[in-house]
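Here the structure is a predicted model, which means the values were calculated and not measured. Below, chains carry the letters A, B, ... as their sequence lines are ordered, and counting in each starts from 1.
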Amino acid sequence: MAHVGDTQAGNIPLAEVPDVELYHPKSWITKYVFSQDAKVIAIQYSCTAIAIGLVGLVLSWLMRLQLGFPDTFSFIEASDYYQYVTMHGMIMVIYLLTALFLGGFGNYLIPLMVGARDMVFPYVNMLSYWVYLIAVIVLTASFFVPGGPTGAGWTLYPPQAILSGTPGQEWGIILMLVSLILFIIGFTMGGLNYVVTVLQARARGMTLMRLPLTIWGIFVATILALLAFPALFVACVMMLLDRVLGTSFFMPDIVEIGEQLAYTGGSPILFQHLFWFFGHPEVYIVALPAFGIVSDLISVHARKSIFGYRMMVWAIIAIGGLSFIVWAHHMYVSGMNPYFGFFFATTTLIIAVPTALKLYNWVLTLWKGNIHFTIPMLFCIAFIVTFLNGGITGLFLGNVAVDVPLSDTMFVVAHFHMVMGVAPIFVVFGAIYHWFPLMSGRMLNEGMGKFHFWVTFVGAYLIYFPMHYLGFVGVPRRYYEVGETSFIPDSAADLNAFITVMVLIVGFAQVVFIFNIIRSLIKGKLAERNPWNATTLEWQTAEFPPGHGNFGDLPVVYRWAYEFSLPGVKDDFIPQNLAPNLINMADDDDSVDEQVAE
Amino acid sequence: MVLAIVLVILAIGSVVFHFLSPWWWTEIASNWGSIDDTIIITFWITGVVYTVVILFMAYCLYKYRYRKDRRAAYEPENTKLELWLTGLTTVGVVALLTPGLLAWNDFVTVPDDATEIEVLGQQWAWSFRLPGEDGVLGTTSAKNINDDNPFGINMDDPNGYDDILIEYDDLHLPLDRPVKVLLRAIDVLHDFYVPQFRAKMDLVPGMVTFFWLTPIREGTFDILCAELCGIGHHTMRGLVVVEELSAYQEWLQEQSTFADMLASNAERRMGKKIQLTKNQITDVAR
């Protein structure tokens, strides 16, 4: 295992990372508001993302009230419902998950974990956040304009998105498109930073194959985003032109309520290709950072090196590459050339192989470990269960013939919530419980954490597992009400009511979580320097919590990030930057007890 | 410990739920049994993997839970095991993909003897067009659509006049005859979805899409729209009646053609004019 577990100093590459002159803040405003410190920017990104995410959460409650108890809430009309659906989806996918994983965790962890003082372009990094904030404000503004936000579905398919049969056609859709364009501009500034920092600013000895998987996940996800978002950017600009100037990029001859419109010659399917060329990599933009983070958390809390590190890295890269040639599996019934189905079904099922391997390796990391059931570990296990479940239903939907009956039903809703909603969110929770001590110097309350975990995990499973079967029955998605049909049994309404009740209970648990964060910030138990005995560099900073510039002298890295329970060593972990001559070797007659007790 | 037990319950509970829950697919009414078969195969393969992985994880959580006197094993890699797992997963994927792609091959291969019919979608209603005695649908364009010509049939095309038009009424299909369903929308995307047929496909303005099926069971089935098409999406319903050929032909006789419709429109317009004249006379008389 010399390639991964090498503790020899001689293995350090000679490349020197020059120390950089940082802009040091001179006032409160430049320190906490217009800050160029990646850690402050990370917190700004995270708080904004979580705030808008809470709006998305409330929208989901409103939606579920309508689905669970139709005809009960008279204030929810069909147009409202479609607006909730649209805004919930867009907020959760883009403005919460993408921003939180890359803008939040990316900003916080990349410089710390690669051993850099900050991002390489701190000023651009700051701009990235402020443009993101404007994007969120523009998005929020659409709730207050005449006609309200767009109700076109988060996929914004034209012609429907810009025609009058859809709510928010006046202003909502315009603000949505402008907001997305701004988001992409902001993200590009941040994204370039993340990639360049990982490639250029790693500490001495931090070879690519010694990077923690968290960084690998965020790094590859950022590359995907930099390549995929331009497709969405182009699609948004074109649709904006179609809506505002009356061009016909996506608009063919259209007769709307008996009236011939002036559009001609455009292609609605072109939009779908552009959207999903972005949209499928987007799934992995959210998933890969989650893959990376969960690998690290499992390894730390099971006190065992991640199983098959090299395979894990190559799987991340393979998944990233493949994610660009599977997009049309979202379009099997779109009316595109049906022969595409053969190609896209094959590529989609191939992607299951590296994904499954990652999953096996997480489980095999637990195998023969010494598993601490900390809150981060609990959420990692919940992630494995829900991700496995969602991945498996992906094998249904990716297999073109099987997709035909299931597409556009509640099966799809259950699938993508399990795989890219619930599963990555569990990683977010695990990561917050894991790194909160680093960010704040205090521990989160464990009792509330356990309550949060159990209600969220069991509740989410009870929401989404049975939902697949509604799709099997044939209940279509995006329906304000199912009404009378000959094929949906009355019991489906009972199931819908049950799901709604569960949603509200799980929602309450999130309120407890937010309360826990606020309370622990003020009077949480003070954290030790390295409370989980982790090996990675973010726990080895000069100050705790880390201050501007992160480290005293830049660290030198001697080994990979997974040196846990190495035989013959006294402690059950060796930090990446611990010089080989400082490693505490176990005496021959030391009992195992003393080794672990420290 | 508790978590290990919960995972066991979750794995077993999911399997039990799968077999006992009252929610399952509708009885199939088309030739796409191969799709159902692929789904069953997928359920078995993935179900076994799901249960095994969760149970194995539960075992690990129980067996290797933290104990003060234990140290985790040091085993960063196991190439042999990883290759085995890669191989087995690949076999599983091939086992899923093969029946899926075979079914898809049938799906994209329309039989030569399939009758063409047209479904026209607009916010928020279904209309249908069947070929007349010539067996050919007339060509269309959205540009031709007006009050007299709701389907946009090309007036220069002689094949169009005998086309049978069904507006805002049920579609009928003969039993055991393959049908190629041509799909057309005039405003936004829609999706022709009959759960019992298994097949569905989007209607896209500006182009004609299609799928084919052979109805194999008599009955009246709901048509739903499965592609978000605006505020009335959930109200866009219709019915399709599958019946014996003789009953179908009887129904067909009662439907009117494009030519009939043009004639009756003209008549009505004349009638209106006569009505108008009468009123004017009355007015003058007053």
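- For A:Ala161, no part lies under 4.5 angstrom from a heavy atom of chain B.
- With chain B as the partner, the residue from A:Arg303, A:His372, A:Glu481 showing the most heavy-atom pairs under 4.5 Å is A:His372.
- Both the backbone and the side chain of B:Lys200 come within less than 4.5 Å of a heavy atom of chain A.
- Checked against the 6.0 Å centroid criterion, the rings of B:Phe221 and A:Phe487 do not qualify as a close aromatic pair.
- Using modelled atom types and a 3.5 Å distance limit, the side chains of B:Tyr193 and A:Thr409 yield no donor-acceptor pair.
- With a 4.5 Å cut-off on side-chain heavy atoms, A:Ser491 and B:Trp23 count as touching.
- Taking the ring centroids of A:Tyr480 and B:His233, they lie at or beyond the 6.0 Å cut-off.
- The contact between B:Val6 and chain A is made entirely by side chain atoms (from C-beta outward), counting heavy-atom distances below 4.5 Å.
- Taking both residues in full, the closest heavy atoms of B:Val204 and A:Pro268 are given as CG1-CG, 3.8 Å, listed atom of the first, atom of the second, then distance.
- Interface residue A:Ala302: only backbone heavy atoms are found under 4.5 Å from chain B.
- In terms of heavy atoms, A:Met311 sits closest to B:Thr86 at CE-OG1, 4.1 Å.
- For chain B, the option among A:Ser407, A:Gly341, A:Gly471, A:Gly151 with the highest count of heavy-atom pairs below 4.5 Å is A:Ser407.
- For the residue pair A:Tyr469 and B:His18, a side-chain donor N or O sits within less than 3.5 Å of a side-chain acceptor on the partner.
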May I have the step-by-step check of side-chain contact (heavy atoms from CB on, under 4.5 Å) for B:Glu82 and A:Asn361, ending in yes or no? CA-CA 8 Å; B:Glu82 288 176 80; A:Asn361 284 1; 3.7 Å; yes
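- For a residue to count as touching a neighbouring chain, one of its non-hydrogen atoms must lie under 4.5 Å from one of that chain's; by this rule A:Thr264 touches chain B with the side chain only.
- Interface residue A:Pro252: only side-chain heavy atoms are found under 4.5 Å from chain B.
- Both the backbone and the side chain of A:Leu366 come within contact range of chain B, with heavy atoms under 4.5 Å apart.
- To the nearest 0.5 Å, atoms CZ (A:Phe411) and CD1 (B:Ile39) are separated by 8.0 Å.
- Applying the salt bridge (Lys or Arg N to Asp or Glu O under 4.0 Å) test to every pair with at least one member in residues 36-54 of chain B, sequence neighbours left out, gives these pairs: B:Asp36-B:Arg198.
- Residues B:Asp222 and A:Thr485 bring no donor and acceptor atom of their side chains to less than 3.5 Å of each other.
- Considering only heavy-atom pairs separated by less than 4.5 Å from chain B, the leading option among A:Phe457, A:Tyr157, A:Phe342 is A:Phe342.
- Here A:Val400 is the residue among A:Val402, A:Thr346, A:Val400 with the most heavy-atom pairs under 4.5 Å with chain B.
- By the 4.5 Å heavy-atom criterion applied to side chains, A:Phe396 and B:Thr46 are counted as neighbours.
- Open room surrounds CG on B:Asp147; 12 or fewer heavy atoms of other groups in view lie less than 6.0 Å from it.
- Heavy-atom minimum distance, B:Leu224 versus A:Pro476: CD2-CG, 3.6 Å.
- Heavy-atom pairs under 4.5 Å with chain A peak, among B:Val53, B:Val108, B:Thr209, at B:Val108.
- Only the side chain of B:Gln196 has a heavy atom closer than 4.5 Å to any heavy atom of chain A.
- A:Val404 approaches B:Ala199 most closely through the heavy-atom pair CG1-CA, 3.5 Å.
- When each of B:Phe56, B:Trp25, B:Phe210, B:Tyr50 is scored by its heavy-atom pairs under 4.5 Å with chain A, the top score falls to B:Tyr50.
- Chain A forms more heavy-atom pairs under 4.5 Å with one residue of B:Gly232, B:Gly47, B:Cys225 than with any other, namely B:Cys225.
- Residues A:Pro405 and B:Phe197 form no side-chain contact, since every pair of their non-hydrogen atoms from C-beta on lies 4.5 Å or further apart.
- The closest side-chain heavy-atom distance from B:Ile186 to A:Ile254 is not below 4.5 Å.
- Chain A forms the most heavy-atom pairs under 4.5 Å with one residue out of B:Thr26, B:Leu101, B:Leu3, B:Thr38, and that residue is B:Leu3.
- Looking at A:Leu163, only its side chain comes within 4.5 Å of chain B, counting heavy atoms on both sides.
- Between the side chains of A:Asn370 and B:Tyr64, no donor-acceptor pair of N or O atoms lies under 3.5 Å.
- By number of non-hydrogen pairs under 4.5 angstrom with chain A, the leading residue of B:Thr89, B:Ile54, B:Leu97 is B:Leu97.
- For a residue to count as touching a neighbouring chain, one of its non-hydrogen atoms must lie under 4.5 Å from one of that chain's; by this rule A:Gln83 does not touch chain B.
- For the set A:Gly153, A:Ala356, A:Ala78, A:Ser486, the entry with the most heavy-atom pairs within less than 4.5 Å of chain B is A:Ser486.
- Considering every non-hydrogen atom in both B:Ile231 and A:Ser79, the closest pair reads CD1-CB, 3.4 Å.
- From A:Gln260, atom CD reaches atom CG of B:Asn144 across 8.0 Å, with rounding to the nearest 0.5 Å.
- Ring orientation note: the planes of B:Trp104 and A:Tyr332 are tilted relative to one another, at an angle of 30° to 60°.
- With a threshold of 4.5 angstrom between heavy atoms, B:Leu81 approaches chain A through side-chain atoms but not through N, CA, C or O.
- Annotation: B:Trp84, atom CH2; neighbour count of heavy atoms from other residues, nucleotides and ligands within 6.0 Å does not exceed 12.
- For A:Pro354, no part lies near chain B; criterion is any non-hydrogen pair under 4.5 Å.
- When heavy atoms are compared at a cutoff of 4.5 Å, B:Trp32 does not approach chain A at all.
- Among A:Thr365, A:Leu364, A:Ile384, A:Ile381, the residue with the largest count of heavy-atom pairs under 4.5 Å with chain B is A:Ile381.
- With a 4.5 Å cut-off on non-hydrogen atoms, A:Ala345 touches chain B through its backbone and its side chain both.
- In this structure, the side chain of B:Asp187 does not engage the main chain of A:Ile257 through any donor-acceptor pair within 3.5 Å.
- One side chain, B:His234 or A:Tyr82, offers a donor N or O that lies under 3.5 Å from an acceptor on the other.
- Between B:Leu189 and A:Gln160, the closest side-chain pair of non-hydrogen atoms is not below 4.5 Å.
- The part of A:Trp454 that comes within reach of chain B is its side chain, from C-beta onward, which places non-hydrogen atoms under 4.5 angstrom from that chain.
- The residue among B:Glu75, B:Lys63, B:Lys143 with the most heavy atom pairs within less than 4.5 Å of chain A is B:Lys143.
- Residues B:Leu61 and A:Phe373 approach most closely at O-CZ, 3.5 Å, considering heavy atoms.
- The contact between B:Asn105 and chain A is made by backbone and side chain atoms together, counting heavy-atom distances below 4.5 Å.
- The closest side-chain donor-acceptor pair between B:Tyr74 and A:Glu563 falls under 3.5 angstrom.
- Residues B:Ser14 and A:Tyr461 bring a donor and an acceptor atom of their side chains to less than 3.5 Å of each other.
- Residue A:Phe250: no heavy atom, backbone or side chain, is found under 4.5 Å from chain B.
- The parts of B:Thr42 that come within reach of chain A are both its backbone and its side chain, each placing non-hydrogen atoms under 4.5 angstrom from that chain.
- Side-chain contact between B:Pro76 and A:Tyr562 is absent, with no heavy atoms from C-beta onward closer than 4.5 Å.
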